Chemist: 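First the structure, then my questions, so here it is.
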2 protein chains.
Amino acid sequence: MIIKGKNVAYKLEGKIYHCAMDITMDYIGGKWKSVVLWYLKNGTHRFAELKKLIPDITEKMLSIQLRALEEDGLIVRKVYGRKPPMRVEYSLTEFGATLIPALNAIAKWGRGLGDSEGELVDVGEF
Amino acid sequence: MIIKGKNVAYKLEGKIYHCAMDITMDYIGGKWKSVVLWYLKNGTHRFAELKKLIPDITEKMLSIQLRALEEDGLIVRKVYGRKPPMRVEYSLTEFGATLIPALNAIAKWGRGLGDSEGELVDVGEF
DNA sequence: CGGAATCCTTTTCGATACTG
DNA sequence: CAGTATCGAAAAGGATTCCG
């Protein structure tokens with residue numbers, strides 16, 4: 001990032017970013033985060049629901065992603081009940097909701113490509 | 001992705017995607033691709049120019065990312081001259097240009113966060 | 001129900017050195 | 001100038017089992 005002949009960068013939470021893309025990608029990058037956010041975009045979901053919506057993710061990965069997203073302040077985790085059959089719900093925070101336009105743009109491009117170049121396949125066995 | 005009670009997915013170049021986010025992320029995900037695309041968005045750049053614009057990337061990584069982006073059809077590589085002091089230019093393809101709205105949305109969010117929460121630091125030593 | 005623990009494999013990343 | 005080659009470290013991802 002070059003401003004008026006000087007090399008400058010953003011410093012955020014101790015990390016240096018030379019480019020705004022980097023910042024966003026640090027929040028939504030990786031294989032799963034954007035997908036999880038996508039499904040939380042339209043409302044609250046429980047752990048098992050997310051696992052069903054994202055069949056290819058393992059529970060371990062889902063757990064890791066949810067905790068990372070929570071640490072970043074993008075989602076909230078709410079626990080109902082304290083004994084084993086408990087209910088945990090995840091939803092976007094207000095901060096997380098600011099990502100929605102970007103998420104929509106990303107999904108729109110993917111959908112466009114999928115519709116024009118790809119084919120729909122049935123994966124009903126899930 | 002659930003349509004009328006059936007589980008369907010996109011199949012694109014042999015890969016299965018359950019979610020449109022996935023498709024896009026396959027093209028722009030990872031640590032460097034989006035940054036490279038960002039700098040090519042506004043015009044052609046040479047290898048060494050990109051290296052300067054993205055100080056933290058190694059030549060190896062830059063090379064790998066550029067080849068991956070080329071394989072995906074997002075950028076073109078043009079070589080001028082065939083003997084060692086040669087000139088190689090990279091630029092977005094028409095297909096790559098369709099990503100610009102999404103890239104803009106991603107950068108906008110990062111910039112917003114950087115401006116409100118981060119600080120600008122001088123990294124003039126580059 | 002909603003994970004955590006463990007172990008393992010795969011992929012990515014980075015430093016350094018070298019080349020047509 | 002624009003990369004490759006090589007190596008090793010680190011991170012990401014996956015399968016399975018177990019637990020409050």
Side-chain angles (χ1 to χ4, degrees), chain A residues 14-19 21-22 25-37 39-40 44-72 75-91 126, chain B residues 15-19 21-22 25-37 39-40 44-72 75-91 125-126:
Chain A
K15 296 187 64 175
I16 298 286
Y17 299 93
H18 294 275
C19 166
M21 301 296 288
D22 259 345
M25 283 313 200
D26 228 34
Y27 282 83
I28 66 169
K31 192 171 177 181
W32 302 114
K33 283 183 181 174
S34 60
V35 181
V36 173
L37 289 171
Y39 286 116
L40 290 180
T44 293
H45 282 295
R46 298 176 63 174
F47 188 89
E49 289 172 353
L50 288 170
K51 170 71 182 116
K52 262 206 169 168
L53 289 166
I54 314 172
D56 290 343
I57 201 171
T58 61
E59 292 178 351
K60 172 190 172 183
M61 280 299 120
L62 180 54
S63 174
I64 289 175
Q65 306 309 320
L66 288 169
R67 261 184 290 112
L69 291 169
E70 195 191 0
E71 259 190 48
D72 283 341
I75 69 174
V76 241
R77 184 188 131 111
K78 284 180 195 146
V79 185
Y80 302 96
R82 46 190 63 250
K83 280 298 163 193
M86 62 195 184
R87 173 188 197 79
V88 181
E89 289 185 349
Y90 296 91
S91 48
F126 288 114
Chain B
K15 297 186 65 176
I16 299 285
Y17 299 92
H18 294 274
C19 165
M21 301 296 290
D22 258 347
M25 282 313 199
D26 229 34
Y27 281 84
I28 68 168
K31 191 171 178 182
W32 302 114
K33 281 184 182 176
S34 61
V35 182
V36 172
L37 289 171
Y39 285 116
L40 290 180
T44 294
H45 281 297
R46 301 177 60 176
F47 188 89
E49 289 171 354
L50 288 169
K51 171 70 182 116
K52 263 204 169 170
L53 289 165
I54 314 170
D56 290 344
I57 200 172
T58 61
E59 292 179 351
K60 173 188 171 180
M61 279 301 120
L62 181 52
S63 174
I64 289 174
Q65 305 309 321
L66 288 169
R67 259 182 292 114
L69 292 170
E70 195 192 357
E71 259 190 49
D72 282 342
I75 68 174
V76 241
R77 183 188 133 114
K78 285 180 194 146
V79 185
Y80 302 96
R82 43 190 65 247
K83 279 300 163 190
M86 61 194 185
R87 174 189 198 83
V88 182
E89 290 185 349
Y90 296 93
S91 48
E125 64 269 15
F126 286 114

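The model shown is predicted, which means the values in this text are computed figures rather than measured ones. Quick note on labels: first sequence line is chain A, next is B, and so on, each numbered from 1.
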Chemist: For residues 61-71 of chain A, which residues have at least one heavy atom under 4.0 Å from DNA chain C?
Modeler: A:Ser63, A:Arg67
Chemist: For the pair made of CE in A:Met25 and P in C:dC13, what is the distance, rounded to whole Å?
Modeler: 13 Å
Chemist: Name the residue from A:Leu69, A:Leu53, A:Ile28 that meets the side chain to side chain contact (heavy atoms under 4.5 Å, CB included) definition with A:Val36.
Modeler: A:Leu69
Chemist: If I take atom CD1 in residue B:Ile75 and atom C1' in nucleotide D:dA2, what distance separates them, rounded to the nearest angstrom?
Modeler: 14 Å
Chemist: Show your working on side chain to side chain contact (heavy atoms under 4.5 Å, CB included) between B:Val79 and B:Arg77 and close with a plain yes or no.
Modeler: CA-CA 7 Å; B:Val79 185; B:Arg77 183 188 133 114; 3.5 Å; yes
Chemist: Main chain of B:Pro55, side chain of B:Lys51: is a donor-acceptor contact present, judged purely on distance under 3.5 Å?
Modeler: yes
Chemist: Quick one: is C:dG2 close enough that its OP1 or OP2 comes under 4.0 Å of any side-chain N or O from A:Arg46?
Modeler: yes
Chemist: Hey, could you give me the CD1/CZ distance between A:Ile75 and A:Arg67, rounded to the nearest 0.5 Å?
Modeler: 10.5 Å
Chemist: Is a side-chain donor or acceptor of A:Glu49 paired with a backbone partner of A:Arg46 at a separation under 3.5 angstrom?
Modeler: yes
Chemist: Which comes earlier along DNA chain D counting from the 5' end, the contact point of A:Met86 or that of A:Ile57, where each point is its nearest nucleotide?
Modeler: A:Ile57
Chemist: Between C1' on D:dA11 and CH2 on A:Trp32, what's the gap in Å once rounded to a whole number?
Modeler: 16 Å
Chemist: Minimum heavy-atom separation for A:Asp72 to A:Asp26, with atom names?
Modeler: OD2-O, 4.4 Å
Chemist: Which nucleotide sits closest to the side chain of A:Glu59: D:dT4, C:dC1, C:dG3?
Modeler: C:dG3
Chemist: The side chain of A:Val88 is closest to which nucleotide in this list: D:dA15, D:dG3, C:dG3?
Modeler: C:dG3
Chemist: Considering only C:dG3, C:dG2, D:dG3, which nucleotide approaches the side chain of B:Arg77 most closely?
Modeler: D:dG3
Chemist: Expressed in angstrom and rounded to an integer, what is the separation of B:Lys31 atom NZ from D:dA12 atom P?
Modeler: 10 Å
Chemist: Using only side-chain N and O atoms of B:Tyr80, determine if any of them is under 4.0 Å from OP1 or OP2 of D:dA2.
Modeler: no
